[in-house]
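Before any comments, here is the structure.
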Amino acid sequence: ATLPIRRALLSVSDKTGLVEFARSLDAGGAEILSTGGTAKALREAGVAVVELSDHTGFPEILDGRVKTLVPGVHGGLLFRRDVPEHVAQVEQHGIAPIDLVCVNLYPFEATVARGASYEDCVENIDIGGPAMIRSAAKNHAHVAVLTEPEQLIEVAREIAETGGTSLHTRKRLAAAAYARTAAYDAAIARWFAEVVEEEFPPRLSVPGMLKQTLRYGENPHQSAAFYLDGTHRPGIATADQVQGKELSYNNLNDTDAAFEAVAEFDEPAIVIVKHANPCGVAVAADLNAAWDAALRCDPVSAFGGIIAANRTLDAEAARRITSIFTEVVIAPDADDEARAIFATKKNLRLLLTRGLPDPAAPGMTFRSVGGGFLAQSRDAGRVAMADLRVVTKRQPTAQEMNDLVFAFRVCKHVKSNAIVYAKGGATVGIGAGQMSRVDSARIAAWKSAEAAKAAGLDAPLAQGSVVASDAFFPFADGLQAAAAAGATAVIQPGGSMRDNEVIAAADEAGLAMVMTGMRHFRH
Ligand code: 93A
């Protein structure tokens, strides 16, 4: 049902769009009520407005702490127009209906962000505003509630076109209203937790403490938040965001994947991640060489990716990284020159952690399933040279051996089925997330051919590479696909019923193969 607006209450801190909106309500014949500052702004613009205190007969008291927390407001918002007792009661108490509320809250978040005093922050906790928003949203059957400046134009247009607001619109507005008050309270809770933490150090670590509410989850219709597990493990949870837009759920997830992967390597390393999978990983004598090699693996996917480094970023590294569009950069630190270069990319999020996670450290991981969650110890497994068992006639060369260990470490961070080609300390083809291992092998080989084309080379990058598989080859076909792609050595856990066939195929193709005895599934 379209409901006309006979009386509207406007009480806004951010006065953007206020006057235009009030004029359009006035043109539609609505009476406009406002609190002190809002009423003043409207009067100055020549809009007819009734001071709320005149309307309710109750003045603003306590320096404005009680402006709208009166029955004349909440009764007018909350009474059910379709229940005769409600109608009789509001009449008895001289309460008039309010059909629309437009509120935006004291700027608590902005006050905290500008580093204001504790007292200032407290004073900017809005009480009356959220109360009105929640009252109006509860009674969305009869009342429209506007909480964001963008909604003003949209609702004014609907009123002008249809003479009021539709139930659908009021429901949508109510949903947005509760999202706003929830986010507002979360910001207050977060700030308070920090205040308490600062005042009473050292604090007990509280598992599952809310760090940040997120704008949304993996998709915009999902809500989300970031919780701390109390371990203070260096990484995404302890990172300082030096610049850039707010991190999204997917940013956090991808950045974590990139940083955990880059921490696997002792030499200077770069990991580029897209959709939680590495699309380029390299180790080298310095970050610059590592960047060039990591980017070469898949320059197309790297666009808009997440970059992780395991050393302090300097000017040259920053220049190279900012030469392509990047969402997030994470590293233990960045020198002043590097920071200045990143600062020229306003939206780029730069995260500095002052440390690296220990990939071998114990810990837990969780994943939800219908009606519960699965817990396991984190995959802290790492194979070293000494763990490898050569199973073919041919021994790997020293260079192959280095690349095999490197490729298998990368594999641990690639979604299964994972196949990783590597050469000279860099990935040259990555196949991820396929339901069949041979498909992953084919995709990785194809990607390496594409990367070669992009680099203007004739031979696929996988030519003369080594290949890693996160789990055993169930049949010889995956191995044969790798040999056909140009791999000369293979690393895999082993343990298939058909290991002998796979080893025979490797011998036949002249490949060297090592088995790790350790699997790195990642789903
Ligand atoms: O101090 S409050 O928590 N107490 C109230 O009763 C109250 N009513 C509205 N803050 C209150 N407001 C807020 O005042 C609104 O949410 C809005 O942000 C602001 C508008 O005040 P003014 O119209 O005086 O600029």
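First listed ligand is number 1; within each ligand, the first listed atom is number 1. Keep in mind that what you see is a predicted model, and the values were worked out from it rather than measured.
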### Query
Is it true that Asp298 and Lys447 make a salt bridge, defined as a side-chain N closer than 4.0 Å to a carboxylate O?
yes

### Query
Do Arg339 and Asp333 sit within salt-bridge range, that is, some charged N less than 4.0 Å from a carboxylate O?
yes

### Query
Is the closest N or O pair between Gly128 and ligand 1 shorter than 3.5 Å?
yes

### Task
Would you check if there is a donor-acceptor pair between the side chains of Ser53 and Glu60 at a distance under 3.5 Å?
no

### atom 25 (O) of ligand 1 [closest protein heavy-atom partner, distance rounded to 0.1 Å]
Lys15 NZ, 3.1 Å

### Query
Taking side chain as C-beta onward, heavy atoms only, is Asp266 less than 4.5 Å from Val283?
no

### Task
Would you mind listing which atoms of ligand 1 come within a distance below 4.0 Å of any non-hydrogen atom of Val66?
6 (O)

### Task
Compute whether any side-chain donor of one residue and acceptor of the other, for Ser248 and Asn250, lie under 3.5 angstrom apart.
no

### Task
Considering heavy atoms of the protein only, find what lies nearest to atom 18 (O) of ligand 1 and give residue, atom and distance to 0.1 Å.
Asn104 O, 2.6 Å

### Message
Using a 4.0 Å cutoff against the non-hydrogen atoms of Gly64, which atoms of ligand 1 qualify?
### Response
1 (O), 2 (S), 4 (N), 5 (C)

#### Entry: Heavy-atom nearest neighbour in the protein, as seen from atom 24 (O) of ligand 1, with distance rounded to 0.1 Å
Gly37 N, 2.8 Å

### Query
Which residue holds the protein heavy atom closest to atom 8 (N) of ligand 1, what is that atom called, and what is the gap in Å?
Thr68 OG1, 2.6 Å

### Summary
If we number the atoms of ligand 1 from 1 as shown, the ones under 4.0 Å from a heavy atom of Gly129 are 11 (C), 12 (N), 16 (O)

## Note on the structure
Here the atoms of ligand 1 under 4.0 Å from any heavy atom belonging to Leu69 are 6 (O)

### Message
For atom 13 (C) of ligand 1, what's the nearest protein heavy-atom neighbour? Residue, atom name and distance, please.
### Response
Asp126 OD2, 3.4 Å

### Message
If I compare all heavy atoms of Leu313 with all of Ala338, which pair ends up nearest, and what's the gap?
### Response
O-CB, 3.4 Å

### Task
State whether the shortest distance between N or O atoms of Val103 and N or O atoms of ligand 1 falls below 3.5 angstrom.
no

### Task
Write out the residue and atom name of the closest protein heavy atom to atom 1 (O) of ligand 1, then the distance separating them to 0.1 Å.
Tyr106 OH, 2.8 Å

### Task
Drop me the distance from Leu10's CG to Leu25's CG, to the nearest 0.5 angstrom.
6.0 Å

### Query
Looking at atom 4 (N) of ligand 1, what's its closest protein heavy atom, distance included?
Arg65 O, 2.6 Å

### Task
Provide, to 0.1 Å, the distance between atom 20 (C) of ligand 1 and the closest protein heavy atom, together with that atom's residue and name.
Ser11 OG, 3.4 Å

### Message
Between Gln243 (side chain only) and Ala343 (backbone N and O only), is there a donor and an acceptor less than 3.5 Å apart?
### Response
yes

### Query
Would you say Glu60 touches ligand 1, if touching means a heavy atom closer than 4.0 Å?
no

### Message
Against the six-membered ring of Phe79, is Arg81 placed for a cation-pi contact (under 6.0 Å from the centre, within 45° of the normal)?
### Response
yes

### Task
Compare all side-chain heavy atoms of Thr326 with those of Ile306 and state whether any distance is below 4.5 angstrom.
no

### Query
Counting heavy atoms only, which of Met132, Lys67, Lys40, Glu123 comes nearest to atom 6 (O) of ligand 1?
Lys67

